[in-house]
Amino acid sequence: MQAHNGMYIDGQWRPAAGAETIEVVDPATEEIIGTVPAGTAEDVDAAVAAARAALPGWAAAPPAERAARLGALHDALAARREEIAATVTAELGAPLSFSQAVHADLPVTVAGTYAKLAAEHPFEERLGNSRVLHEPVGVVGAITPWNYPLHQIVAKVAPALAAGCTVVLKPAEDTPLVARLFAEAVAEAGVPAGVFNLVTGRGPVAGQALAEHGGVDMVSFTGSTAVGRRIGAIAGGAVRRVALELGGKSANVILPGADLVKAVKIGVGNVMANAGQTCSAWTRMLVHADHYDEAVEIAAAAAAKYVPGDPTDPATRLGPVVNAGQRERVTGYIRTGIEEGATLVAGGADAPEGVERGYYVRPTVFAGVTPDMTIAREEIFGPVLSILRYQDADDAARIANDSEYGLSGAVWAADDETATAFARRLQTGQVDINGGRFNPLAPFGGYKRSGVGRELGPHGLTEYLQTKSLQF
Ligand code: NAD
């Protein structure tokens, strides 16, 4: 067990102000694997003061210097790939192969994109008789969740640093160990003291103190809609910039003429990845009435291949969910689905066979789901897929858009042109066309209640900039 007692503030690991700690639990074994300090408002104060003091120097650093530090951060993270993957597997429960390929490699890639963008971004433009300067917003408070713990940290910290902002990070309670590895990588990369600061702690204490702090110019939050709404209200009251990446209930629309087997299998894999704990997961599969029964059969067979198992075994495809509370929440939704009349065709609310410990949920598929059912409306955040039936393209568009969320989605058709025409009708921030792959430069963020603002690529960088116009 690793017992940590430091916060990374002003370029040093220093003891926390209080004595309280947070226990980190391995969701596969239910054993405590470490402790970190539960930060207080006092720690947040110290971190914000360090970030404010470092701001003028970092904001004035030439973009090439900021790019060099981000390049070094990319290298430091890449060098720690295996340690990052093992840490995320231990504290989140993600299968090791997924931790390596996604939890470790994706943030390395994103850090690399910002090393490049920091050097190349036009921080000045000419408009008629004006010179428009794109200047850093200031001190950023970053509050991140546990589901893609390092990716979500890098998706905020890297663009903020590229823009010339300084940062105080409050990572999720369940996954603070990888956040500590990130702070070590920042130190190795030679980022000046105070430019990046880490305060571990509980949401309603350290998170709230950061969201309310008068020395913070912008809050960037990823997590639940309930907390996001609160953080948005605080920011509104203080007239402070805010970025919110919230939940999703994305539609995977399979149009007639699509490769049904491929579309269904990839759709199931998309939902089962990371034990369903993905805000952009395509948790509603929409299939034409003529192909519906066949799709349900393919989906049930595909889900059965996701056998829950030890996440450290390289062959495992489905690990546990993050904690006991999340397991209760997910199995509660499965029971609600059954009560509301959906047909269970794979999985269920009972613990998987042969599993004696760990917060496991069976890979679950529901057929006969109608748009009014709870499992079609609310974000479950577990390995649960709902399959809905539509009659024609208008019906499919209506069902897909009948959601308070709009984060992601997919469209499959006989050709890209047909799928693209349909994607134009969707009220959502991203759509993958016929299996189009994830692009780390594409803007990521929500329509409707899925959030405010965009992350990744050049759009993610401009979130951390404000403009000043000089007239000549
Ligand atoms: P959460 O919103 O409670 O936590 C996210 C972050 O916010 C954590 O760092 C947490 O400490 C912090 N936080 C909590 N309360 C706070 C407050 N009052 N002030 C400031 N910060 C606060 O999310 P959760 O409890 O980890 O998960 C609950 C549900 O949220 C999940 O089941 C899932 O549906 C959803 N979720 C969505 C995403 C996403 O990427 N959109 C990520 C995680 C969770």
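Counting starts at 1 for both ligands and their atoms, following the listed order. Predicted, not measured: the structure shown is a model, and the values here were computed from it. By convention here, the first residue in the shown sequence is residue 1.
If you check each of Ala206, Ala172, Cys279 against atom 40 (O) of ligand 1, the one with the closest non-hydrogen atom is Cys279. Which of Glu379, Glu212, Gln152, Lys170 comes nearest to atom 34 (O) of ligand 1 through a heavy atom is settled by distance: it is Glu379. Evaluated by nearest non-hydrogen atom to atom 5 (C) of ligand 1, the leading choice among Thr222, Ile143, Val227, Leu210 is Thr222. Which of Phe381, Tyr148, Trp146 comes nearest to atom 36 (N) of ligand 1 through a heavy atom is settled by distance: it is Phe381.
The proximity of Gln326 to ligand 1, defined as any non-hydrogen pair under 4.0 Å, is limited to the side chain. Contact annotation for Pro171 and ligand 1: only backbone heavy atoms (N, CA, C, O) come within less than 4.0 Å of the ligand.
Shown in contact with Ile231 at under 4.0 Å from a heavy atom are these atoms of ligand 1, numbered in order with element: 20 (C).
At least one heavy atom of Gly247 sits less than 4.0 Å from an atom of ligand 1.
At under 3.5 Å, not a single nitrogen or oxygen of Pro145, backbone or side chain, sits near a nitrogen or oxygen of ligand 1.
A salt bridge is defined here as a Lys NZ or Arg NE, NH1 or NH2 lying under 4.0 Å from an Asp or Glu carboxylate O, and Asp402 with Arg377 meets this definition.
Ring geometry, Phe182 versus Phe196: the interplanar angle exceeds 60°, so the pair is classed perpendicular (tilted spans 30 to 60°).
Ranking the protein heavy atoms by distance from atom 1 (P) of ligand 1 puts Ser224 OG, 3.5 Å first.
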